[in-house]
Amino acid sequence: MVLSPHLGLSLALVVMATPVKAETIQVTIDKLVFSPASVEAKVGDTIKWVNKDAFAHTATVKNGWEVMIPPKKSASLTLKAAGTVDYFCRFHPNMTGHIAVAP
């Protein structure tokens with residue numbers, strides 16, 4: 001079977017033109033630890049924190065955003081800008097995490 005050289009170019013354009021679907025990245029909170037502690041994401045992705053502890057936590061960025069995560073529940077945040085952020089739990093400051101957000 002012989003394929004037209006233009007077919008390969010057409011397929012390449014279709015693959016490149018397909019928008020990248022936003023992802024949901026899960027961070028589990030268990031025994032006062034964010035896991036994974038460091039994640040890589042893209043603008044438009046959502047971080048979902050799942051709290052397995054019996055008490056509330058936050059994902060707090062100093063001079064930025066804060067997400068309240070109730071006990072035995074989850075909470076989410078959609079990333080709006082590229083950059084890196086370090087976050088912590090306001091109730092348990094020794095709990096820390098890092099998110100690297102690509103454009």
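Predicted, not measured: the structure shown is a model, and the values here were computed from it.
Under the 4.5 Å side-chain criterion, counting only non-hydrogen atoms from C-beta, F91 is in contact with M68.
The shortest non-hydrogen separation linking K48 to S74 is CE-OG, 3.5 Å. The minimum heavy-atom distance linking G44 with A22 is given by the pair O-CB, 3.2 Å. Considering every non-hydrogen atom in both A82 and A102, the closest pair reads CB-C, 4.1 Å.
Screening residues 51-74 for salt bridge (charged side-chain N to carboxylate O under 4.0 Å, His left out), with sequence neighbours left out, gives E66-R90. The salt bridge (charged side-chain N to carboxylate O under 4.0 Å, His left out) analysis of residues 91-103, with sequence neighbours excluded, yields no pairs. Residue pairs meeting the salt bridge (charged side-chain N to carboxylate O under 4.0 Å, His left out) criterion with at least one partner in residues 30-43, sequence neighbours excluded, are E23-K42, K42-D45.
For T46, the side-chain contact (heavy atoms from CB on, under 4.5 Å) criterion is met by T24, S76, T78, not counting sequence neighbours.
Members clustered with V50: none, using a 4.5 Å side-chain heavy-atom cutoff among hydrophobic residues. In the hydrophobic clustering (ILVMFWY side chains linked at under 4.5 Å, chained through shared members), I25 is joined by V27, I29, L32, F34, V39, V43, I47, W49, F55, V61, W65, V67, I69, L77, L79, V85, Y87, M95, I99, V101.
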